[in-house]
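Naming convention: chains lettered A, B, ... in sequence-line order (proteins, then strands); numbering from 1 in each chain.
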Amino acid sequence: MKKYKVKKSTGSPKKHYLIDYQAQLNPQQYQAVANTEGPYLVIAGAGTGKTRTLIYRLAYLVENNINPRSILLLTFTRKAAQEMMRRAATILDERCRNVSGGTFHSFANFSLRKYGLHIQIHPNFTILDRTDAEDVINMIRTQLKLNKKERRFPRKTTLMDIISKSINKCISIEKVLANEYPHYKDESPDILNVVQHYRDFKQEKMAMDYDDLLVNLKKLLETNNEVRQKISNTYRYIMVDEYQDTNRLQAEITVLLASEHKNVMVVGDDSQSIYSFRGANFRNIMDFPKFFPGATVITLEQNYRSIKPILDLTNAIIEQAKEKYSKELFSEIEGTQKPVYIDAVDEDEQAAFVTQRVLELREEGVPLHKIAVLFRASWHANELEVELRSANIPYVKYGGLKFTEAAHIKDVVAYMRVLHNVFDEIAWLRLLLLIEGIGPTSAGRILAKIVHSGGDLNQLLSQDFAKKKFFNDLQKVHALLSRLTGSRLKPAEKLEAAVEYYNPLFELKYEDYKRRRLDLESLLRIAERYTTLEQMLTDMALEPPDTSQVGAEPTGSEDERLVLSTIHSAKGLEWHSVFIIHLVDGYFPAMQSLENEEDLEEERRLFYVAATRAQKNLYFITPELESRSYRWHTFDHSGLIFSEPSRFIAELPDFDELTEIGVLEFEEEDIKPF
DNA sequence: TAGTGAGAGGTTTTT
DNA sequence: CCTCTCACTA
């Protein structure tokens with residue numbers, strides 16, 4: 001057979017495109033879009049159309065008759081993934097909706113359920129979220145008798161941190177200890193022991209934590225050539241957004257995925273790297289050419305988001321960074337309003353100012369959902385939330401504790417998990433402990449019977465328990481589970497049955513069950529969307545809905561809600577007006593980072609991310625925090641008082657010229673209800 | 001063996 | 001401020 005080589009007419013005037021790429025993109029963006037073969041690294045500053053470039057490239061590929069299903073879009077956070085996929089679906093036509101993509105974790109989950117058997121992974125595996133994983137660690141820690149008081153052995157959260165860091169940075173436990181936990185260095189044999197037990201536990205119970213998803217995907221691709229080729233050939237074009245947030249492990253996965261074709265474009269900004277606590281390193285992005293020799297580097301510097309005064313300030317902020325790769329952002333957007341700095345007396349005043357200013361902005365015609373309040377840690381918004389509720393301003397809050405992590409949600413979901421994987425001991429434990437009279441010991445016995453019998457539910461009715469006072473309750477659980485096992489009911493119906501059973505226990509367990517019941521109701525509503533239990537449980541672990549954190553109901557259109565968000569969750573998004581609150585040393589930068597220069601640098605990048613979200617208005621607020629309940633925060637060991645404005649502001653050389661200092665004058669007047 | 005109450009300690013960000 | 005742990009009691 002004779003082979004004909006046909007050259008793609010990239011950019012040739014003969015080809016008719018539905019989108020006029022050259023007109024809609026600047027030359028650098030166009031270069032990134034129109035070169036589709038081989039490895040590319042796009043260094044893109046904040047607001048320079050990073051995601052836009054990715055999406056246009058997607059459309060370009062589709063217009064060149066590339067099958068959308070062979071295009072894979074990956075990123076680290078769900079938020080970014082959602083945004084990316086949403087925009088992908090709208091750009092050209094319905095073809096773009098078929099593109100594959102999501103977070104690295106969800107892609108790993110998908111691949112492992114499909115091909116996992118090649119590395120002895122059962123497709124029904126359970127995903128352990130952070131809390132589950134910590135519970136397991138804790139169990140092991142107790143079993144190994146490492147919880148003696150005299151000894152300062154790391155607690156479960158710390159242990160998980162250590163394990164996770166070691167995996168995500170691809171370095172040994174000992175090295176993590178030496179680098180970041182020198183005080184636990186002597187405990188390393190026991191820590192390694194815990195790690196080993198943890199690994200065995202998961203293996204035995206068909207369970208994977210978040211990190212395992214990535215580790216096993218890598219293992220699958222590395223050990224099985226056939227699968228690797230198949231997957232790599234399925235996804236001929238790979239694009240990774242927010243690459244600066246990916247870690248070593250994810251970089252290696254990217255290399256494996258692209259092994260058959262090397263068509264990879266990664267997009268990122270080293271100045272916005274804010275996930276080092278889970279192994280991301282802003283230098284990773286610069287290593288891309290090492291992984292992909294011959295990679296072309298493209299830099300995007302024109303900002304399309306912010307007016308010049310804001311950009312001047314954000315450039316000044318990042319200028320203070322100790323280490324950065326040169327990149328000078330410029331903007332042609334007209335505007336004269338300088339960022340405003342407000343010195344408030346305390347948190348109440350801060351909250352009052354934000355609330356009032358939000359109302360004024362809305363009067364001026366800025367819809368609520370185009371305004372955001374950003375903060376370092378979720379609880380920083382507590383006072384503000386109270387204020388917003390009393391002023392009847394609807395809002396959504398992103399970040400912080402997740403809906404699916406709430407104890408009562410996990411309780412109900414435990415029944416579903418057992419239905420899906422009868423060996424899910426963590427779920428079993430959870431639901432058994434809810435029964436009065438059953439503690440860890442009895443639960444362990446019941447569990448052992450079920451496991452030994454190969455997952456036989458009838459073991460719940462074993463004569464061994466017949467005389468116990470909890471037998472009656474065991475029968476009820478048995479009735480519930482056996483009724484639902486293998487039944488044709490929809491996930492929502494199964495869940496409803498579980499909630500019905502759970503209700504009396506629930507009211508006993510929680511004083512505030514009335515408030516929590518609302519969560520159960522929204523869980524039921526969410527469940528309606530699913531046709532399979534597996535999909536529902538996967539989403540619970542990997543893409544948890546952020547429903548619980550809603551304030552007042554929106555009065556206007558559904559979307560008209562003020563946005564409250566941690567800065568981490570605000571990444572990649574933009575708003576007309578942005579408030580950054582709690583700019584106080586100890587809050588932001590956070591207390592824990594003050595000692596360490598690297599951490600401090602990360603906090604600075606975080607501040608940069610926050611400030612670059614704003615299009616037209618930017619407000620900085622520093623409360624002096626004298627009167628409030630967080631007083632224990634105001635001293636550290638040396639007696640330093642944290643009522644100083646954030647050093648990120650104090651250190652800026654031309655702060656006075658770059659900003660307008662606002663003064664608050666308070667009148668005793670009620671704020672107009674919304 | 002389960003449930004309770006006092007005391008200590010740590011407090012962020014995400015999949 | 002909340003969560004977790006330990007020791008005590010029934």
Side-chain angles (χ1 to χ4, degrees), chain A residues 74-81 102-109 127-135 138 141-142 147-150 152-158 160-161 164 167-168 208-215 242 245-247 249-250 273-280 374-382 398-402 404-405 407 432-433 435-445 468-470 508-509 538-544 546 565-571 582 586-594 599 602-603 605-606 609-610 628-633 636:
Chain A
L74 289 174
T75 185
F76 161 60
T77 61
R78 309 179 273 127
K79 260 305 192 38
T103 61
F104 274 90
H105 290 86
S106 64
F107 178 72
N109 169 67
I127 299 174
L128 306 179
D129 69 15
R130 178 74 191 216
T131 327
D132 298 327
E134 283 175 2
D135 286 349
N138 213 28
R141 204 174 65 141
T142 322
N147 53 347
K148 291 280 166 293
K149 214 183 173 181
E150 318 84 67
R152 218 170 43 124
F153 195 73
R155 36 190 69 242
K156 59 181 182 183
T157 33
T158 318
M160 264 319 281
D161 282 344
S164 186
I167 290 170
N168 283 292
M208 278 193 226
D209 63 20
Y210 289 137
D211 295 334
D212 292 327
L213 289 171
L214 300 182
V215 169
E242 307 282 6
D245 291 331
T246 60
N247 55 37
L249 186 52
Q250 287 158 328
S273 168
I274 53 175
Y275 282 99
S276 72
F277 65 92
R278 53 166 296 288
L374 306 181
F375 32 84
R376 172 71 245 257
S378 188
W379 57 272
H380 290 176
N382 289 166
Y398 297 106
L401 211 63
K402 263 168 256 122
T404 43
E405 278 166 8
L432 288 173
L433 287 173
I435 296 171
E436 208 175 334
I438 297 185
T441 322
S442 306
R445 275 193 204 132
K468 306 278 186 186
K469 61 175 179 230
F470 53 73
L508 266 166
K509 187 172 172 186
T538 301
D539 278 7
M540 289 275 151
L542 296 180
E543 330 244 329
D546 6 47
S565 176
T566 59
I567 298 165
H568 282 88
S569 302
K571 179 79 138 348
H582 269 301
Y587 281 66
F588 194 10
M591 180 89 119
Q592 308 81 320
S593 63
L594 296 181
D599 290 347
E602 174 143 322
E603 298 278 312
R605 291 193 294 272
L606 199 52
V609 168
R628 300 298 301 183
S629 48
Y630 298 116
R631 205 175 321 191
W632 72 93
H633 268 291
D636 75 1

Next on the checklist: How many whole angstroms separate atom CG of A:N109 from atom P of B:dT14?
Outcome noted: 21 Å
Checklist entry - When we call it a touch if two heavy atoms are under 4.0 Å apart, what does A:S442 touch: a base, just sugar-phosphate, or nothing? => result sugar-phosphate
Checklist entry - Using a cut-off of less than 4.0 Å, is there contact between a side-chain N or O of A:T441 and OP1 or OP2 of B:dA2? => result yes
Checklist entry - So what does A:S593 hit on the nucleic acid, given a heavy-atom distance under 4.0 Å: a base, only sugar-phosphate, or nothing? => result nothing
Checklist entry - Is there a side-chain polar atom (N or O) of A:T566 under 4.0 Å from OP1 or OP2 of B:dT14? => result yes
Checklist entry - With a 3.5 Å cut-off and just heavy-atom distances, do the side chain of A:R376 and the base of B:dT12 make a donor-acceptor pair? => result yes
Next on the checklist: How many whole angstroms separate atom CE of A:M208 from atom C1' of B:dT15?
Outcome noted: 14 Å
Next on the checklist: Rounding to an integer number of Å, can you tell me how far A:Y587 OH sits from C:dC1 P?
Outcome noted: 12 Å
Item to check | Presence of A:R78 side-chain N/O under 4.0 Å of B:dT15 phosphate oxygens OP1/OP2 | outcome: yes
Checklist entry - A:Y587 vs A:W379 aromatic rings, parallel, tilted or perpendicular, using cut-offs 30° and 60°? => result tilted
Item to check | A:D161 CG - B:dT15 P separation (whole Å) | outcome: 16 Å
Checklist entry - So what does A:Y275 touch, heavy atoms closer than 4.0 Å: a base, only the sugar-phosphate, or nothing? => result sugar-phosphate
Checklist entry - Backbone N or O of A:Y210 within a donor-acceptor pair of the A:R130 side chain at under 3.5 Å? => result no
Next on the checklist: Any base atoms under 4.0 Å from A:D599, or only sugar-phosphate, or nothing? Heavy atoms, all strands.
Outcome noted: nothing
Checklist entry - When all nucleic acid strands are considered with a 4.0 Å heavy-atom cut-off, which category describes A:L213: base, sugar-phosphate, or nothing? => result nothing
Next on the checklist: Looking at B:dT15, I'd like to know if its phosphate oxygens (OP1 or OP2) sit under 4.0 Å from a side-chain N or O belonging to A:S106.
Outcome noted: no
Checklist entry - Going by heavy atoms in the side chains, are A:D245 and A:T77 under 4.5 Å from each other? => result no
